[in-house]
Amino acid sequence: MTKVSKIKGFADLFPPESVKFSRMESVAKDIFSRYGYQETRIPILEKTELFSRSIGEETDVVQKEMYTFPDRKDRLVTMRPEATAGVMRAYIENKLFAAGGVTRLYANGPMFRYERPQKGRMRQFHQIDCEALGSPDPLLDAEVILMLEHFLSELGLTKLTFEINSLGCRECRPVYLAALSDFLKGMHKEHLCEDCMRRKLSNPLRVLDCKVPGCKEYTADAPKITDHLCDGCREHFDVVMEAVTGSGLSYTLNPRLVRGLDYYVRTTFEVVSGDIGSQSSVAGGGRYDGLIGSLGGPDQPGVGFACGMERLAMLMPETEPVKPDFHIVVLEQPGLASGLSLAQELRKAGLSGEAPYAVSSMKSQMRQANKTGARFCLVLGEEELRTETALVKNMADGAQESIPLGRVATHLLGE
RNA sequence: GUGACUGUAGCUCAGUUGGCAGAGCACCUGGUUGUGGCCCAGGUGGCCGUGGGUUCAAGUCCCAUCAGUCACCCCA
């Protein structure tokens with residue numbers, strides 16, 4: 001029989017990797033709930049239209065990367081490539097806006113993009129996602145950024161760089177894009193790399209994000225978005241920066257920071273690590289006023305971010321596996337049942353450990369006990385079975401004593 | 001979608017000009033009555049990614065293919 005293998009870009013997780021993921025989830029729940037965020041669980045599969053309308057028809061994500069297929073009644077559905085669109089749909093559909101004020105939601109789970117896998121990039125990857133809906137206030141942008149920093153530092157991740165930019169709005173961005181295109185017109189093959197020559201027509205903003213040294217050099221004097229903001233955007237951005245700085249978070253103002261999803265306006269930010277290879281962005285987000293309206297909801301503004309869990313996991317230290325409390329050794333066949341029921345009693349008392357299903361030599365079982373790292377080894381031999389006791393051995397110092405079966409739990413708990 | 005590199009034991013990897021498939025770790029069993037770690041002895045474990053080709057002979061050379069990794073691209 002040939003064996004079935006997993007699909008390219010999909011992963012199986014076991015400890016210690018899987019432990020990092022559950023830790024991220026529990027820290028997220030703890031931190032985000034302090035800011036008033038509510039746990040949200042939404043579908044993985046959505047109508048394709050949701051993503052093409054929100055992310056942008058012309059983006060790479062929509063054009064080349066989505067897992068899209070017809071369902072059994074030929075309706076086009078898509079495995080979500082990101083979380084925001086689905087959360088917006090849920091917000092609108094469940095009329096969460098009716099409560100008034102700011103609605104704060106967080107979610108986490110798998111996302112799917114059909115890309116060539118590499119370090120920090122899977123076809124099924126996982127994000128933790130936060131969205132704050134219903135307020136255009138720049139202080140909310142600042143709070144979201146500060147909360148992200150709080151979450152990351154709670155995970156023990158320092159050494160991260162925060163980059164912030166403003167992309168302007170529907171009014172001022174087109175003016176800026178015109179100025180940028182104008183500037184790039186003067187750039188030719190001898191200045192820009194092949195990709196950028198293409199990008200200067202298709203997506204001029206991306207030229208600013210190019211890592212090729214030559215491109216960086218020749219675009220150093222390119223017009224900056226931050227010099228072209230309208231009064232509203234300028235004021236909004238100043239308040240965000242001032243509030244973030246005022247709360248003690250240092251960041252880099254990066255006028256070249258670009259987002260790949262079309263819905264972002266005004267504040268955008270990204271958290272970058274230098275320690276995880278080429279896919280260095282561990283979190284990214286920004287403001288998306290107008291998105292909810294464009295999905296048929298009320299004209300409510302929003303701001304949020306997503307963290308890449310695989311990328312964060314690469315930065316997290318491995319935690320020591322927890323040691324069990326006991327390991328039972330049984331020397332006589334008839335004692336196996338006693339071993340099983342003793343283990344059961346101890347587990348119900350809150351202890352952890354295992355009992356054997358078959359007898360083997362004491363040496364072998366002791367080696368097994370040692371390997372599990374159990375604090376205590378409980379020996380049930382001929383003598384113990386007769387006297388209804390267990391020989392309790394402290395594996396750290398080797399001390400051992402006979403304890404009546406009924407008192408083993410309290411004995412272990414007392415240690 | 002493009003490129004480069006890598007596929008040998010559960011893991012990390014050796015394997016010379018083509019000439020018997022190897023090591024370390026892990027695992028199992030022992031080292032005399034019922035005692036772990038350290039040490040010692042022995043043992044299990046291989047479609048050498050897969051399929052062709054060259055050759056008396058292929059892990060080794062050639063072609064194809066699949067898989068993995070990293071990078072481009074894109075993004076979290």
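Just so it is clear: chains get the letters A, B, ... in the order the sequence lines come, proteins before strands, and each one is counted from 1.
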Once you round it to whole Å, what is the distance between [atom2] of [N] and [atom1] of [X]?
X	N	atom1	atom2	value
A:Asn370	B:G37	CG	C1'	5 Å
A:Leu148	B:A76	CG	C1'	11 Å
A:Lys393	B:G36	NZ	C1'	6 Å
A:Leu312	B:A76	CG	P	13 Å
A:Arg123	B:C74	CZ	C1'	13 Å
A:Lys119	B:A4	NZ	C1'	17 Å
A:Leu155	B:A76	CG	P	19 Å
A:Glu115	B:C72	CD	C1'	12 Å

With rounding to the nearest 0.5 angstrom, report the [atom1] to [atom2] distance, [X] to [Y].
X	Y	atom1	atom2	result
A:Cys169	A:Arg287	SG	CZ	12.0 Å
A:Glu149	A:Leu157	CD	CG	10.5 Å
A:Arg89	A:Glu46	CZ	CD	4.0 Å
A:Met309	A:Lys20	CE	NZ	12.0 Å
A:Glu345	A:Ser338	CD	OG	11.5 Å
A:Phe51	A:Met79	CZ	CE	10.5 Å

Open item on the list: In the structure I gave you, are the side-chain heavy atoms of A:Leu315 and A:Leu160 within less than 4.5 Å of one another anywhere?
Closed with: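 Yes, their side chains come closer than 4.5 Å.
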TODO: Hey, can you tell me if A:Phe32 and A:Tyr37 have their rings parallel, tilted or perpendicular (30° and 60° cut-offs)?
DONE: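 Aromatic pair A:Phe32/A:Tyr37 classed tilted.
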Can you tell me, in whole Å, how much space there is between the [atom1] of [N] and that of [M]?
N	M	atom1	value
B:U55	B:C61	C1'	10 Å
B:C48	B:C13	C1'	13 Å
B:G22	B:G45	C1'	13 Å
B:C62	B:A23	P	28 Å
B:G7	B:G49	C1'	6 Å
B:G51	B:A67	C1'	14 Å
B:U54	B:G59	P	16 Å
B:A41	B:G37	P	16 Å

Does [X] reach a base, just sugar-phosphate, or nothing at all? Heavy atoms under 4.0 Å.
X	value
A:Val379	base
A:Ser364	sugar-phosphate
A:Leu391	base
A:Ala283	sugar-phosphate
A:Gly285	nothing

Task: Under-3.5 Å donor-acceptor pair between A:Glu384 side chain and B:G34 base - done: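 Answer is yes: a donor-acceptor pair is held.
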Open item on the list: Can you tell me whether the side chain of A:Arg121 and the base of B:C73 have a donor-acceptor pair closer than 3.5 Å?
Closed with: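 Check passes, donor-acceptor contact within cut-off.
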Any idea which of [options] is nearest the [X] side chain?
X	options	answer
A:Gln279	B:C70, B:C39, B:C72	B:C72
A:Met395	B:G36, B:C70, B:G1	B:G36
A:Glu383	B:G34, B:U29, B:C74	B:G34
A:Gln400	B:C28, B:A76, B:U35	B:U35
A:Ser361	B:A76, B:G30, B:U35	B:G30
A:Met366	B:G34, B:U35, B:C39	B:U35

Verify the contact: side-chain N or O of [X] to OP1 or OP2 of [N], cut-off strictly under 4.0 Å; return yes or no.
X	N	answer
A:Lys363	B:G31	no
A:Arg116	B:U2	no
A:Gln118	B:A71	yes
A:Ser278	B:C72	yes
A:Lys8	B:G68	yes

TODO: Compute both the distance and the angle, then confirm whether A:Arg123 meets the cation-pi test with A:Phe10: under 6.0 Å from the six-membered ring centre, within 45 degrees of the axis.
DONE: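 Judged by the rule, A:Arg123 and A:Phe10 form no cation-pi pair.
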TODO: Under 3.5 Å for both distances, Watson-Crick or G-U wobble, that's the pair rule; now give the dot-bracket for RNA chain B, with | marking pairs to another strand and [ ] for crossing ones.
DONE: (((((((..((((.....[..)))).(((((.......))))).....(((((..]....))))))))))))....
- [ ] Could you say whether A:Arg113 or A:Gly9 is positioned toward the 5' end of RNA chain B, judged by the nucleotide with the nearest heavy atom to each?
- [x]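 The residue whose closest nucleotide sits nearer the 5' end is A:Gly9.
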TODO: Map A:Asp60 and A:Ala399 onto RNA chain B by nearest heavy atom, then report which one ends up closer to the 5' terminus.
DONE: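 By nearest-heavy-atom nucleotide position, the 5'-most residue is A:Ala399.
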Task: Worked check of side chain to side chain contact (heavy atoms under 4.5 Å, CB included) between A:Ile276 and A:Arg311 - done: CA-CA 7 Å; A:Ile276 55 173; A:Arg311 294 181 189 177; 3.9 Å; yes
Open item on the list: Is there a side chain to side chain contact (heavy atoms under 4.5 Å, CB included) between A:Glu163 and A:Thr161? Walk through the geometry before answering.
Closed with: CA-CA 6 Å; A:Glu163 299 190 345; A:Thr161 306; 4.3 Å; yes
Open item on the list: Within the supplied structure, the quantity of interest is the number of heavy atoms (other residues, nucleotides, ligands) at a distance under 6.0 Å from A:Glu388 CD; does it exceed 12?
Closed with: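 Atom CD in A:Glu388 is not packed in, count stays at 12 or less.
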Tabulate protein N/O versus nucleotide N/O from nucleotides 5-13 of chain B, keeping only pairs under 3.5 Å, one per line.
none

Task: Aromatic contact, A:Phe162 with A:Phe269 (centres under 6.0 Å) - done: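 When the ring centroids of A:Phe162 and A:Phe269 are compared, they turn out to be at least 6.0 Å apart.
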